[in-house]
Amino acid sequence: MRELDAVDRRIIDTMQGDFPICERPYAVVAGQLGIDEDELISRLDGLLADKVLTRFGPMFQIERMGGAFVLAALAVPEARYETVTELVNALPQVAHNYRREHALNMWFVLATENQAGIAEAIARIEADTGLPVFAFPKEREYFVEMKLEARL
C-alpha cells in the first residue's frame, strides 16, 4: 500500500460524512481542505486506483427508489473458494463480498433495480456456482455510522 501524505489523510478524515449537497460539492470540500477542486478529485482518483479507498460515493436507501437489496450467503467448499468468488463478484448486483469463518463462509449484498432482480441474481449465482444461496431479507433497518481516522 502506498504511503499517505498529510493531505491524503485529511481528505479521508474529512470526506467520511457531511458531504455537501450543492452544485459543486468537491469545490466546497476542497476549500475546507485548502486545496483546489481539481487536486481533490485527482487525489480521490489516485486513492481509488491505489486501492487505499475501495469505494467513494453516496449511500442510497434503494427501496425508496423502487430497488431492492438483500444480504446473502453461500457455503463454499474451500477448494472452490477463489473460483466461486470470481463467479459471484462478476455480477454487477453484488457488493460487499466478505469471507467469514462459518459454515456459510461467503457473505455478500445483492442490490437490484427491483425486487424481481434479487430472485434473478440468486438464480444466476446458483446456476453459475452450483451452490444454494441463502438470502436474508432486511426485517428492520438501523443506521450505524463508523468513521475511521487515517493515521501514519
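In this text, all values refer to a predicted model and were calculated from it rather than measured experimentally. Position 1 is the first residue of the sequence; numbering continues from there. Just so you know, these numbers use all the heavy atoms, side chains as well, and skip hydrogens, waters and symmetry mates.
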Do Q61 and E141 pass the side-chain hydrogen bond (donor to acceptor under 3.5 Å, both in side chains) test, and can you show the C-alpha distance, the side-chain angles, and the key distance before you say yes or no? CA-CA 10 Å; Q61 291 185 312; E141 185 166 321; 2.4 Å; yes
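- Cluster membership for Y81 and L131, using ILVMFWY side-chain heavy atoms within less than 4.5 angstrom, is shared.
- A chain of hydrophobic side-chain contacts below 4.5 Å, direct or via other Ile, Leu, Val, Met, Phe, Trp or Tyr residues, connects L40 to F19.
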Would you check, one step at a time, whether the test salt bridge (charged side-chain N to carboxylate O under 4.0 Å, His left out) holds for R43 with D5? CA-CA 11 Å; R43 283 179 177 265; D5 66 19; 3.0 Å; yes
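- Listed for the R80 side chain is a donor-acceptor partner under 3.5 Å among the backbone atoms of T129.
- Not a single donor-acceptor pair under 3.5 Å links the side chain of N97 to the backbone N or O of F108.
- L47 and V7 fall within the same hydrophobic cluster, defined by Ile, Leu, Val, Met, Phe, Trp and Tyr side-chain heavy atoms under 4.5 Å apart, directly or through other members.
- Within the 3.5 Å criterion, the main-chain N or O of D38 finds no donor-acceptor partner in the side chain of S42.
- Of all heavy-atom pairs spanning V70 and A135, the tightest one is CG2-CB, 4.1 Å.
- Among T85, L104, V88, the single residue meeting the side chain to side chain contact (heavy atoms under 4.5 Å, CB included) criterion with L74 is V88.
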Go through the steps for L110 and I125 under the test side-chain contact (heavy atoms from CB on, under 4.5 Å), then give the verdict. CA-CA 11 Å; L110 293 172; I125 292 169; 4.0 Å; yes
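- Shown here for Q16 and E145, the closest heavy-atom pair between the two residues is O-OE2, 4.3 Å.
- Taking both residues in full, the closest heavy atoms of E126 and V133 are given as OE2-N, 2.8 Å, listed atom of the first, atom of the second, then distance.
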Quick one: do F134 and W107 satisfy ring pair (Phe, Tyr, Trp, His ring centres under 6.0 Å)? Show the steps, please. CA-CA 9 Å; F134 298 87; W107 290 78; 9.0 Å; no
Could you walk me through whether T14 and Q32 satisfy the side-chain contact (heavy atoms from CB on, under 4.5 Å) test, starting with their C-alpha distance in whole Å, then the side-chain angles of each, then the deciding distance to 0.1 Å, before giving a yes or no? CA-CA 9 Å; T14 300; Q32 294 168 353; 4.0 Å; yes
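- Side chain of N114 to backbone of A116: a donor-acceptor contact under 3.5 angstrom is found.
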For D128 and V84, what are the C-alpha separation, side-chain angles and deciding distance, and is it a side-chain contact (heavy atoms from CB on, under 4.5 Å)? CA-CA 8 Å; D128 289 352; V84 171; over 6 Å; no
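- Counting only N and O atoms by type, the side chains of E120 and Q93 include no donor and acceptor under 3.5 Å apart.
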Where do E149 and R9 land on the salt bridge (charged side-chain N to carboxylate O under 4.0 Å, His left out) test, with the steps shown first? CA-CA 8 Å; E149 184 180 352; R9 289 193 302 276; over 6 Å; no
Please evaluate residues R99 and E78 with respect to the criterion salt bridge (charged side-chain N to carboxylate O under 4.0 Å, His left out), reporting the C-alpha separation (whole Å), side-chain torsions for both, the decisive distance (0.1 Å), and the verdict. CA-CA 11 Å; R99 185 182 187 111; E78 197 57 41; 2.3 Å; yes
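- Put simply, the side chain of M65 reaches to within 4.5 Å of the side chain of I62, judged on heavy atoms.
- Grouping the Ile, Leu, Val, Met, Phe, Trp and Tyr side chains by contacts below 4.5 angstrom, directly or via other members, places F69 with F136.
- Side-chain atoms of L48 and T54, non-hydrogen and from C-beta on, never get closer than 4.5 Å to each other.
- In this structure a side-chain-to-backbone donor-acceptor pair under 3.5 Å is present from R55 to G57.
- Counting only heavy atoms from C-beta outward, the side chains of I11 and V29 never approach each other to under 4.5 Å.
- For the residue pair P20 and P25, the shortest heavy atom distance occurs at O-CB, 3.2 Å.
- With hydrogens and angles disregarded, a donor-acceptor distance shorter than 3.5 Å links the side chain of N105 to the backbone of V76.
- Under a 3.5 Å cut-off, the side chain of Y26 and the backbone N or O of D36 do not form any donor-acceptor pair.
- Hydrophobic clustering keeps V109 apart from M106 (ILVMFWY residues linked when any side-chain heavy atoms are closer than 4.5 Å, directly or through intermediates).
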